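Atoms within a ligand are numbered from 1 in the order they appear, just like the ligands themselves. Quick caveat, the model's predicted, so the values are computed rather than measured.
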Amino acid sequence: MDALLIHGGSPLDGEVRISGAKNAALPILTASLLAAEPLKLANVPHLKDISTVLALLGHMGVRVTLDDKNHVTLCGESIPNKEAPYEMVKTMRAAILVLGPTLARFGEARVSLPGGCAIGSRPVDLHIKGLQAMGAEISIEHGYIHAKCKRLQGARIVMDMVTVTGTENLMMAAALAEGATVLENAAREPEVVDLARCLIAMGAKIEGAGSDIITIHGVDALHGAEYSVMADRIETGTFLVAAAMTGGRVRATHAQPDTLDAVMSKLGEAGAKVSVGPDWIEVESDGRLKSVDVRTAPHPAFPTDMQAQFMAMNTIAEGAASVTETIFENRFMHVQELRRLGANIEVSGHTALVRGVPRLDGAIVMATDLRASACLVLAGLVAAGETTIERIYHLDRGYERIEEKLTQMGARIRRVH
Ligand code: EPZ
């Protein structure tokens with residue numbers, strides 16, 4: 001099993017090119033199931049989760065071709081297999097995103113129920129409820145979601161909770177339904193907007209993406225399109241926090257500043273200097289930061305996927321701050337690992353109280369989920385001495401070549417097998 005070895009203490013300095021967004025690419029790839037013509041995508045990141053979903057789509061019958069310029073072309077002309085098997089779904093719960101498109105185009109789909117996940121139970125009941133509201137007959141048998149319908153009918157659906165992939169699944173299903181669908185209490189995340197833009201390029205009629213009411217007028221068929229995936233705002237935020245913590249200066253290029261307002265204002269509050277261009281964000285800091293309170297909530301509020309990274313920043317900032325996680329019920333597994341590095345954190349319920357300490361000391365720690373792994377990398381970059389992070393396969397799911405990108409900016413980090 002791979003591990004990362006980090007010698008802390010070097011300020012980061014330089015530029016980093018941001019990759020395409022994992023959480024936009026995943027639903028956009030499954031949108032290929034909606035059309036019989038090719039969908040040609042640019043800026044798809046090279047990540048484990050991406051290859052998993054490409055393998056699943058290939059298994060279903062999508063013709064997937066990759067060219068040397070990072071373009072992925074997917075053709076959903078014939079989909080003989082309408083099933084997403086357990087072996088593929090258990091490693092990546094976002095596979096649930098094949099349910100809406102497959103059901104909408106073919107009137108049937110069988111998708112393994114995603115299992116639990118480290119950060120929470122993460123049910124998909126709202127995905128199922130929405131499809132049933134559109135006329136789907138759905139049963140759960142032997143761990144599989146069996147769905148069928150003649151043709152989905154447009155419906156007004158009020159989502160009980162804000163769900164990102166739930167909104168995405170239903171938006172894709174509604175694209176080919178008969179009549180209009182209104183999704184109320186829809187997720188407003190930029191990745192939902194990116195998917196909507198891609199669907200519109202394929203001929204879908206969608207209004208209101210990015211707001212909490214999305215209206216989709218169903219059409220009989222979608223056609224092929226060319227589309228470029230948005231920049232990954234969480235990768236961007238992770239590197240900007242690294243710059244602030246290490247007392248360096250980092251410019252994230254090929255980024256999308258308008259997707260990071262909450263994160264940038266928190267970095268400013270912590271005392272980092274944030275400057276912005278059309279497609280870049282730069283953070284400079286002398287490493288002396290003030291603790292900042294953080295409370296996660298659906299976009300445009302502070303993103304849950306940046307919670308662990310800001311907790312790492314608070315461990316060495318001046319003062320005490322609270323970090324409250326409102327989206328997932330168990331997204332504090334990085335706390336124990338940060339304590340091994342010398343952090344002073346007390347957890348009560350969904351809130352962690354972080355008291356800044358003068359410094360962290362390197363140790364062996366273990367990654368438990370994707371963003372917790374990123375937070376441990378950040379802590380390792382500032383901890384005195386050597387930090388070893390084990391089980392970094394979690395990291396490879398969401399960060400493309402992170403050690404190369406950090407090394408280019410002066411970090412002392414390497415992967416060991
Ligand atoms: C997406 O997960 C992201 N993944 C997550 O990123 C992100 O943390 C999350 O949205 C929140 O922003 C992808 O986009 C592939 P939700 P998703 O449905 O859609 C509850 C990362 O690190 N819920 O918005 O699965 C759920 O349990 C990953 O890149 C239901 O109860 O999250 C959670 O408490 C981690 N029933 C809350 O809603 C449902 O049917 C929000 O979940 C659906 C969700």
Side-chain angles (χ1 to χ4, degrees), residues 19-31 45 47-50 52-53 56 89 91-100 111 113-133 138 140 145 157-173 183 185-195 212 229-230 232-238 259 262-263 296-309 325-331 333-334 350 367-375 394-400 402:
S19 303
K22 165 177 85 82
N23 290 350
L26 290 174
I28 286 173
L29 289 169
T30 62
L47 297 170
K48 182 86 185 64
D49 275 7
I50 298 296
T52 304
V53 81
L56 169 59
V89 176
T91 59
M92 192 205 52
R93 43 180 313 102
I96 189 71
L97 285 164
V98 306
L99 176 62
V111 178
L113 261 181
C117 153
I119 63 177
S121 63
R122 300 180 73 180
V124 289
D125 54 312
L126 302 179
H127 300 235
I128 291 170
K129 239 174 98 181
L131 293 171
Q132 285 170 327
I138 296 188
I140 312 277
I145 301 167
I157 301 166
V158 183
M159 319 278 287
D160 301 353
M161 293 172 75
V162 174
T163 158
V164 174
T165 48
T167 301
E168 291 165 347
N169 234 338
L170 295 177
M171 194 162 68
M172 288 192 278
L183 300 179
N185 197 22
R188 300 170 56 185
E189 270 66 8
E191 292 77 18
V192 173
V193 177
D194 214 34
L195 171 64
D212 60 353
V229 174
M230 67 177 276
D232 194 312
R233 62 192 171 106
I234 305 301
E235 183 194 21
T236 307
T238 304
T259 60
V263 169
T296 67
H299 192 79
F302 189 88
T304 173
D305 291 348
M306 284 299 301
Q307 177 257 108
Q309 297 90 317
E325 173 58 53
T326 72
I327 305 287
F328 291 111
E329 62 266 32
N330 184 29
R331 205 170 197 179
M333 282 166 302
H334 39 285
H350 289 272
T368 49
D369 63 87
L370 169 54
R371 306 305 171 182
S373 331
C375 133
H394 291 291
L395 202 57
D396 296 334
R397 296 187 50 176
Y399 289 90
E400 189 175 349
I402 193 165

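- For the pair N185 (side chain) and V158 (backbone), a donor-acceptor distance under 3.5 Å is absent.
- Close N/O approach between R122 and ligand 1 is found [any backbone or side-chain N/O within under 3.5 Å].
- V89 places none of its side-chain heavy atoms less than 4.5 Å from the side chain of I96.
- Using a 4.0 Å cut-off between heavy atoms, R397 makes no contact with ligand 1 at all.
- Contact annotation: E235 has no heavy atom less than 4.0 Å from any atom of ligand 1.
- In summary, of the residues considered (E235, H394, R371), a side-chain hydrogen bond (donor to acceptor under 3.5 Å, both in side chains) with Y399 occurs for R371 alone.
- Proximity annotation for atom 38 (O) of ligand 1: of M161, E325, R371, M161 comes nearest, heavy atoms only.
- The closest approach between any non-hydrogen atom of D160 and ligand 1 is not below 4.0 Å.
- Within the 4.5 Å cutoff, the side chain of L26 has heavy atoms near those of the I50 side chain.
- With S373, P123, G166, A374 as candidates, the residue nearest to atom 43 (C) of ligand 1 on a non-hydrogen basis is P123.
- Backbone and side-chain nitrogen or oxygen atoms of E329 are examined, and none is located within less than 3.5 angstrom of a nitrogen or oxygen of ligand 1.
- Between N23 and D305, the closest side-chain pair of non-hydrogen atoms falls below 4.5 Å.
- Closest heavy-atom approach to atom 3 (C) of ligand 1 within the set I119, N23, V124, D125: this belongs to N23.
- One option in T167, V53, V192, V164 has a heavy atom closer to atom 10 (O) of ligand 1 than any other, and that option is V164.
- Heavy-atom proximity to K22, at under 4.0 Å, picks out these atoms of ligand 1: 21 (C), 29 (O).
- Annotation: L126 places an N or O atom under 3.5 Å from an N or O atom of ligand 1; distance criterion only.
- When only non-hydrogen protein atoms are considered, atom 32 (O) of ligand 1 lies nearest to F328 CZ, 4.0 Å.
- With a 4.0 Å heavy-atom cut-off, ligand 1 is reached by the side chain of L370 but not by its N, CA, C or O.
- Using a 3.5 Å distance cut-off with no hydrogens or angles, the side chains of E191 and H299 do not pair a donor with an acceptor.
- Neither the backbone nor the side chain of E191 comes within 4.0 Å of ligand 1, counting heavy atoms alone.
- Side chain of E325 to main chain of F328: a donor-acceptor pair is present (N/O by atom type, distance under 3.5 Å, no hydrogens or angles).
- Of the candidates P303, P190, P300, T259 forms a side-chain contact (heavy atoms from CB on, under 4.5 Å) with just one, namely P190.
- Each of V98, T30, L29 was scored for a side-chain contact (heavy atoms from CB on, under 4.5 Å) with L56, with one residue passing: V98.
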Checklist line | Residue pair T165, R93: steps toward the side-chain contact (heavy atoms from CB on, under 4.5 Å) verdict | finding: CA-CA 10 Å; T165 48; R93 43 180 313 102; over 6 Å; no

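- Remark: ligand 1 and I327 share an N or O pair separated by less than 3.5 Å (distance only, no angle test).
- Summary of contacts: the protein heavy atom closest to atom 35 (C) of ligand 1 is R331 NH2, 3.6 Å.
- Counting heavy atoms from C-beta outward, R331 and I327 have side chains that stay 4.5 Å or more apart.
- At the shortest separation from atom 5 (C) of ligand 1 among protein heavy atoms lies D305 OD2, 3.9 Å.
- Ligand 1 has an N or O atom lying under 3.5 Å from an N or O atom of T165, backbone or side chain.
- A salt bridge does not link R397 to D369: none of the charged side-chain nitrogens sits closer than 4.0 Å to a carboxylate oxygen.
- Between D212 and R188, no side-chain nitrogen of the basic residue sits less than 4.0 Å from a carboxylate oxygen of the acidic one, so the salt-bridge criterion is not met.
- Below 4.0 Å from some heavy atom of V162 lie the following atoms of ligand 1, by number and element: 24 (O), 41 (C).
- Near H127, with a cut-off below 4.0 Å to any heavy atom, the atoms of ligand 1 are 40 (O).
- Distance from atom 18 (O) of ligand 1 to its nearest protein heavy atom, with residue and atom name: T163 OG1, 2.7 Å.
- Not one N or O of T304 is nearer than 3.5 Å to an N or O of ligand 1, by distance alone.
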